[in-house]
Number of protein chains: 2
Amino acid sequence: MRSHLNTQAPLVHEVLAAVLRVRSATVQVLLWQRALEPHVGRWSLPGGRLRMDEDVETSVRRQLAEKVDIRKLSHVEQLAVFSAPDRVPGPRVVATAFLGVVPTDVDPDVPEDTAWHSVDDLPRTAFDHRDIILRARDRLRAKLSYTTIGSALAPASFTISQLRDIYSAALGYRVSATNLQRVLSRRGVLEPTGEIAPPGRAGGRPAALYAFTCNGVHVTDAFAVLKPPSNKRRG
Amino acid sequence: MRSHLNTQAPLVHEVLAAVLRVRSATVQVLLWQRALEPHVGRWSLPGGRLRMDEDVETSVRRQLAEKVDIRKLSHVEQLAVFSAPDRVPGPRVVATAFLGVVPTDVDPDVPEDTAWHSVDDLPRTAFDHRDIILRARDRLRAKLSYTTIGSALAPASFTISQLRDIYSAALGYRVSATNLQRVLSRRGVLEPTGEIAPPGRAGGRPAALYAFTCNGVHVTDAFAVLKPPSNKRRG
DNA sequence: CACGTTTTCGATCCTAAGTCGAAAACCTGA
DNA sequence: TCAGGTTTTCGACTTAGGATCGAAAACGTG
């Protein structure tokens, strides 16, 4: 069955990364503006061609390190394959899309043609990249409920209020600090560092600093849900 | 950046399907035995090369329909990309793996060289196909908790006991019929057909027939978990 | 030092899953 | 026909964990 594998039209495999972070109470994605046709001026996801000696994850990490200055992503995972025959003009290109996450506290230098954009207010995007971005955001939202992917969004140490703001921005609805605190604590993924954050200049009780106990993102054993507030039960 | 895409070494993209079903209280996967080198005699997943005019999902459905007689899979979804440079000998082949599901009641004709194998007791498999199969099983298990993928495993109508056996086999641990009934009913995905199944020849109260209300597999809005019974809470 | 502000913590409510056991409905064989 | 075995079904109870609220704690400022 694999006897004449090389006898067909050429096919290119590229990797693309939707790198997300939370900033200014919104989810942002890293995009760069195309300088060449096709789709000049439109914004597109970083990535590029898969080399022959690397797998897709190695490739996406390399290209992110090369093209934009992001060496310490807090999380990377496969998202999906995008393979519509006409997804890009010209020769066939199949893409493996990734979800990347950067903590709120780091602010990596990015090249001139690169910038963060709010996912809720995207500029004109190239090819099918808009679909990929939205898919990445949905994945992030879903995983906040039953994994420790929140640890990839948050800085190394934080107050519960800060963490609440991060979760709220990522999920798109207000979550309670009390409940977030208890849910994560009960799961055993949150622990106090012992340190205290200085209060804001408006006063207020100084907040305790917390950190995630886990290294890396993993599924919570008995996972449960952080539900949107409102919609009550139905009969 | 995409100026000289065609100037590199050839790359082949294949699609592979781990088609699962529940039978004889086990999860089974459809495999075919290789007749050619490399890996002659080993068992491998159905699939094949991606054509230039189709996306990966179209491709995997076509190849399943061609190579093995499975035209009505109850569910198909992307699993992951497998792309280790040396995953197959010879020219580079990147694979998009799929999870497929067949209901317990249909028994499609399969070619001579093709057979169902228990996932818990696999024969010698080719390339990295064992990893793919196990990944597919894990995905199926996880999704039983928070999606309606059970509707893809089950026949069109069934008794709660039958459904319990299906869930038990797929999950690998005994689930309670009472609880399963209540959980699925509360989610609104289960409804009685009104019909009654004849009792077994050992007697017993005749069981009511049920059916899933949903067409297709989707995530339950407020999803929760079917947890393994035993392990009690920790202090 | 009264007042506004923010965090923190306990108490309570509620949904939904896990468990148990009895009743219902059927068969078979004496 | 009826006693005993079998399987399903249903209700009641327990338990886990998320949602909500309000009071207390701990800080600034005027």
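In the text below, chain A, chain B and the rest are named by the order of the sequence lines, each starting its count at 1.
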TODO: Could you work out which one of D:dG17, D:dC27, C:dC26 sits closest to the side chain of A:R186?
DONE: D:dG17

Open item on the list: Rounded to whole Å, please give me the gap between CG in B:L184 and P in D:dT9.
Closed with: 14 Å

TODO: Look at B:D55 together with A:R87 and state whether they make a salt bridge at an N to O cut-off of under 4.0 Å.
DONE: no

Open item on the list: Suppose the criterion is salt bridge (Lys or Arg N to Asp or Glu O under 4.0 Å): which pairs have a residue in residues 15-26 of chain B, not counting sequence neighbours?
Closed with: B:R21-B:D107, B:R23-B:D107

TODO: Sugar-phosphate atoms are those with a prime plus P, OP1 and OP2; base atoms are the rest. Using that split, label each nucleotide of nucleotides 1-6 of chain D B, S or - for protein heavy atoms under 4.0 Å, 5' to 3'.
DONE: ----BB

Open item on the list: Using a 4.0 Å heavy-atom cut-off, does B:S161 contact any base of the nucleic acid, only the sugar-phosphate backbone, or nothing at all?
Closed with: sugar-phosphate

Open item on the list: Output the rounded distance in Å from CG (A:L144) to C1' (D:dG18).
Closed with: 16 Å

TODO: Verify the neighbour count for atom CZ of B:R42: are there more than 12 heavy atoms of other residues, nucleotides or ligands below 6.0 Å?
DONE: yes

- [ ] Answer yes or no: side-chain N or O of A:R182 and base N or O of D:dG18 forming a donor-acceptor pair under 3.5 Å.
- [x] yes

Task: Euclidean distance, atom OH of residue B:Y167 to atom C1' of C:dA17 [Å, nearest integer] - done: 15 Å

- [ ] Would you indicate, yes or no, if D:dT9 has its OP1 or OP2 atom less than 4.0 angstrom from a side-chain nitrogen or oxygen of B:Q181?
- [x] no

- [ ] Give A:A208 one of three labels, base, sugar-phosphate or nothing, depending on what nucleic acid heavy atoms sit under 4.0 Å from its own.
- [x] sugar-phosphate

- [ ] Calculate the interatomic distance between B:I196 atom CD1 and D:dT9 atom P; express it in whole Å.
- [x] 8 Å

Open item on the list: Output the rounded distance in Å from CG (A:N179) to P (D:dG22).
Closed with: 16 Å

- [ ] Name the nucleic acid region contacted by B:T159, choosing base, sugar-phosphate or nothing; use a 4.0 angstrom heavy-atom cut-off, strictly under.
- [x] nothing

- [ ] Would you please say whether a donor-acceptor pair under 3.5 Å links the side chains of B:T178 and B:Q181?
- [x] no

TODO: Starting at atom CG of B:L163, determine the distance to atom P of D:dT8, rounded to an integer number of angstrom.
DONE: 12 Å

TODO: Check A:V56, A:L64, A:I132 against A:F98 for a side chain to side chain contact (heavy atoms under 4.5 Å, CB included) and give me the one that passes.
DONE: A:V56

Open item on the list: Reading DNA chain D from 5' onward, which residue's closest nucleotide shows up sooner: A:T178 or B:A207?
Closed with: B:A207

Open item on the list: Atom CZ of residue position B:R139 - does it have more than 12 heavy atoms of other residues, nucleotides or ligands inside 6.0 Å?
Closed with: yes

Open item on the list: Closest approach to the side chain of B:S176, judged atom by atom: which nucleotide of C:dA17, D:dT9, C:dT19 is it?
Closed with: C:dT19

Task: Nucleotide D:dA19, atom P - distance to CZ of A:R164 in whole Å - done: 15 Å

TODO: Grab the CG-P distance between B:L180 and D:dT8 for me, whole Å please.
DONE: 13 Å

- [ ] Using a strict cut-off of less than 4.0 Å between a Lys/Arg side-chain nitrogen and an Asp/Glu carboxylate oxygen, indicate whether B:D165 and B:R174 qualify as a salt bridge.
- [x] yes

